[in-house]
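This structure is a prediction, so every number in the text was calculated from the model and none was measured. Naming convention: chains lettered A, B, ... in sequence-line order (proteins, then strands); numbering from 1 in each chain.
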There are 2 protein chains.
Amino acid sequence: MVNADKPGAGRSGRPRAGEERLSRQAILEAALRIVDDEGLEAMTMRRLAAALGVNPMSLYHHLPNKAAVFAGLAELVFAGMDNATAPDDDVDWRTELTRAAHAYRNALRAHPNLALQVLADTAAVSEVVVVTVEPFYRALDRAGLPPRQIFEAVNTLIDFIHGFTLGEASVRADTFELAPDLLERVSKLQPGQAPTLARIVGALGADGLHYEFDDGFETGLSVFVDGIATRFGL
Amino acid sequence: MVNADKPGAGRSGRPRAGEERLSRQAILEAALRIVDDEGLEAMTMRRLAAALGVNPMSLYHHLPNKAAVFAGLAELVFAGMDNATAPDDDVDWRTELTRAAHAYRNALRAHPNLALQVLADTAAVSEVVVVTVEPFYRALDRAGLPPRQIFEAVNTLIDFIHGFTLGEASVRADTFELAPDLLERVSKLQPGQAPTLARIVGALGADGLHYEFDDGFETGLSVFVDGIATRFGL
DNA sequence: AGCGAAATCGTACAGCGTATGGATGATTGG
DNA sequence: CCAATCATCCATACGCTGTACGATTTCGCT
């Protein structure tokens, strides 16, 4: 089998200089596109290779296995975080902490199909993540908290953000009607089973049953910020 | 091929009365055992069938597909929650809320290999989960919070527990040495990249770098409770 | 006795991740 | 300038997965 020399065509062997079709970066970008457009399950090595016009096995020269692809995507997600806001010594720590929390959440939301995977991997992920928490540390340091308490407070806040994002990602909408979901389930219970819940949900039914994730995040965030202030005497 | 009539043997066709080897319940219990003993990835339909001494396809008469198996397992996890503590009108809301939070966390921790899967599914899960949150509602109702705020507070707390459990489950240990993990990563950064973080982690290094998940949970929970109290004037 | 439904099994298919090895051009050392 | 090595890509193939389809056996009912 010899040369059929269309310049970029599917020839075997090492490509000519300047014709490389693959690179870690290019692969990860294609993978991200697939995940965003078609979901996590669509991201197979074969599908990814096809998107790049390449044989599946070629991918393994740039990434050791599929898990590494997802790890790379997790990095992309955190790298896409908006840390552009110049550290500003004039704003108070609450504002700064709130801003950091929003930036973190937004990074995770930018690729909803990926959020779950990223969260599952987070503990195992690279240096990018570490940099990511700097603003949280900065805000609480400027508030005057001692190191150990900063550490604990940041962990707590980030755990909340993770959990919130998890719920948000598995519902997949900005908004969420409680009526069909929660209310219907509650009404299916035997009467004595969850009386408080039933009563509270009933009372909620009187107002709106509408739930907005943005509002929920704001509320949760405020609770934790207030908690940090109270508990650590700020 | 005709009868080789060992009573429970691998004969084809419908089993004789009282010889049924399968049931939704039995399948789920076997699946849970596999997940606990060998991990999530080991739980394949073939492996599950083998554990029950049955042909893989037989499972599909009791459960529509593999996802349904995991959904069933999620129910088992929540059903295993310790709600035995009789509602006690004498303890204050903080105590009751704390107890509920621990019970919830413990249910998730009882099957660590499953935690991640359960968290991912939570939104889609059945009535069992709804009952599960009753103690949270009860505690905050007794604290005198209005419905809407109870709703938001419970969501926030549960999000925190989910996020915390997620981190805990992906580390897989009661304890967690920050030195090799966090410290090493921080030390790999370019000097200017995360100065506060570097300084705080350095200061932490002076004391112990030990992190205990139980303590972390306690702290986070306290922060939340203080936040509720402050924010809603309890 | 006969019949439909229920429970099980056997076979088979498409798709997955990836191990292995071969082709080809780039790069480098003599 | 040539030989050797290396980087990059491709073809084939293996063992595994979830599950569709259809046959087989027995139950429960009429």
Side-chain angles (χ1 to χ4, degrees), chain A residues 1-28 30-31 34-35 38-73 117 121, chain B residues 1-28 30-31 34-35 38-73 117 121:
Chain A
M1 202 66 20
V2 229
N3 296 343
D5 47 296
K6 285 275 193 35
R11 219 180 44 265
S12 191
R14 176 167 191 168
R16 296 199 250 269
E19 283 185 16
E20 287 85 1
R21 267 165 295 187
L22 293 178
S23 70
R24 194 186 122 97
Q25 195 63 24
I27 294 176
L28 291 180
I34 294 176
V35 172
E38 311 175 34
L40 254 194
E41 322 74 37
M43 218 306 287
T44 70
M45 297 304 269
R46 288 166 149 95
R47 173 81 190 70
L48 177 55
L52 290 157
V54 122
N55 185 287
M57 291 313 293
S58 301
L59 304 173
Y60 289 87
H61 259 268
H62 303 267
L63 291 157
N65 51 46
K66 190 184 181 182
V69 175
F70 283 126
L73 291 183
Q117 179 69 40
D121 275 11
Chain B
M1 209 47 36
V2 230
N3 297 343
D5 46 290
K6 284 276 194 35
R11 220 179 44 265
S12 191
R14 176 169 188 165
R16 295 199 250 271
E19 282 187 16
E20 289 87 1
R21 269 164 292 186
L22 292 179
S23 70
R24 195 187 121 96
Q25 194 63 24
I27 293 176
L28 291 180
I34 293 175
V35 172
E38 312 174 34
L40 255 194
E41 321 75 36
M43 220 306 287
T44 71
M45 296 304 267
R46 288 168 150 94
R47 173 82 189 71
L48 177 54
L52 290 157
V54 123
N55 185 288
M57 290 315 292
S58 302
L59 304 171
Y60 288 87
H61 259 269
H62 303 267
L63 291 158
N65 52 45
K66 190 184 181 182
V69 176
F70 284 126
L73 291 183
Q117 179 69 40
D121 275 9

**Student:** Any donor-acceptor pair under 3.5 Å linking the side chain of B:Glu19 with the backbone of B:Ala17?
**Tutor:**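 No; zero donor-acceptor contacts below 3.5 Å.
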**Student:** Look at the side chain of B:Lys66 and decide which nucleotide, out of C:dG22, D:dT17, C:dA7, has an atom nearest to it.
**Tutor:**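 Of the candidates, D:dT17 comes closest.
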**Student:** Using heavy-atom distances to pick each residue's nearest nucleotide on DNA chain D, tell me which of B:Ala67 and B:Gly13 is more 5'.
**Tutor:**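 It is B:Ala67, whose closest nucleotide lies nearer the 5' terminus.
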**Student:** If you pin B:Glu20 and A:Pro15 to their nearest nucleotides in DNA chain D, which one's is more 5'?
**Tutor:**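 The answer here is A:Pro15.
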**Student:** Mind checking the CG-CG spacing from A:Leu22 to A:Leu52? Nearest 0.5 Å is all I need.
**Tutor:**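 The CG atom of A:Leu52 is 6.0 Å from CG of A:Leu22, to the nearest 0.5 Å.
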**Student:** For D:dC9, take OP1 and OP2 only and decide whether either is under 4.0 Å from a side-chain N or O of A:His62.
**Tutor:**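 Indeed, a polar side-chain atom of A:His62 lies that close.
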**Student:** Using whole Å, report how far CG of A:Asn55 lies from C1' of D:dA7.
**Tutor:**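 Taking CG of A:Asn55 and C1' of D:dA7, I get 16 Å after rounding.
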**Student:** Atom CG of A:Leu63 to atom P of C:dA19: distance rounded to whole Å?
**Tutor:**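 After rounding, the reported distance stands at 14 Å.
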**Student:** Looking at the side chain of A:Ser12, which of C:dC9, C:dG22, C:dG17 is the nearest nucleotide?
**Tutor:**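 Comparing C:dC9, C:dG22, C:dG17 against the side chain of A:Ser12, the answer is C:dG22.
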**Student:** Quickly work out the A:Met43 CE to C:dC16 C1' distance and round it to whole Å.
**Tutor:**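 Whole-Å distance recorded here is 12 Å.
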**Student:** If you round to the nearest 0.5 Å, how far is CG of B:Leu28 from CG of B:Leu63?
**Tutor:**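 So the gap between those two atoms works out to 5.5 Å.
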**Student:** Looking for any heavy atom pair under 4.0 Å, which part of the strands does B:Ser58 touch: base, sugar-phosphate only, or nothing?
**Tutor:**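 Since a base atom lies under 4.0 Å of B:Ser58, the category is base.
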**Student:** To the nearest angstrom, how far is B:Tyr60 atom OH from C:dC9 atom P?
**Tutor:**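 Going from B:Tyr60 (OH) to C:dC9 (P), I get 14 Å.
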**Student:** How many whole angstroms separate atom CD of B:Glu41 from atom P of D:dG18?
**Tutor:**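 To the nearest whole Å, that distance equals 12 Å.
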**Student:** For the side chain of B:Pro56, counting heavy atoms from C-beta on, which of D:dT8, D:dC27, D:dT19 is nearest?
**Tutor:**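 That would be D:dT19.
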**Student:** Return the value, rounded to whole Å, for the distance between atom CE of A:Met45 and atom P of D:dA13.
**Tutor:**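 Spelled out: CE on A:Met45 to P on D:dA13 is 21 Å.
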**Student:** Mark yes or no for a side-chain to base donor-acceptor pair under 3.5 Å between B:Arg46 and D:dG18, with no hydrogen or angle criteria applied.
**Tutor:**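 Yes, a donor-acceptor pair under 3.5 Å.
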**Student:** What's the CG-P distance between B:Leu48 and D:dG18, to the nearest Å?
**Tutor:**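 After rounding, the gap between these two atoms is 10 Å.
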**Student:** Take the protein atom CZ of A:Phe70 and the nucleotide atom C1' of C:dC16, then report the distance between them rounded to whole Å.
**Tutor:**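 Taking atom C1' of C:dC16 as the reference, CZ of A:Phe70 is at 13 Å.
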**Student:** At under 4.0 Å, does any side-chain N or O of B:Arg14 touch on OP1 or OP2 of C:dA6?
**Tutor:**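 No, B:Arg14 has no side-chain N/O under 4.0 Å of OP1/OP2 on C:dA6.
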**Student:** Examine C:dC9: is either OP1 or OP2 under 4.0 Å from a nitrogen or oxygen in the side chain of B:Arg21? Give yes or no.
**Tutor:**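 For B:Arg21, the contact criterion (side-chain N or O under 4.0 Å from OP1 or OP2 of C:dC9) is met.
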**Student:** Write down the atom of B:Arg24, the atom of B:His62, and the distance for their closest heavy-atom approach.
**Tutor:**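 Here B:Arg24 and B:His62 meet closest at N-ND1, 4.0 Å.
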**Student:** For the atom pair CD1 (A:Ile27) and OH (A:Tyr60), what is the distance rounded to the nearest 0.5 Å?
**Tutor:**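 So the gap between those two atoms works out to 10.5 Å.
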**Student:** B:Met57 has a side chain; which of C:dT11, C:dT18, C:dA7 sits nearest to it?
**Tutor:**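 For the B:Met57 side chain, the nearest candidate turns out to be C:dT11.
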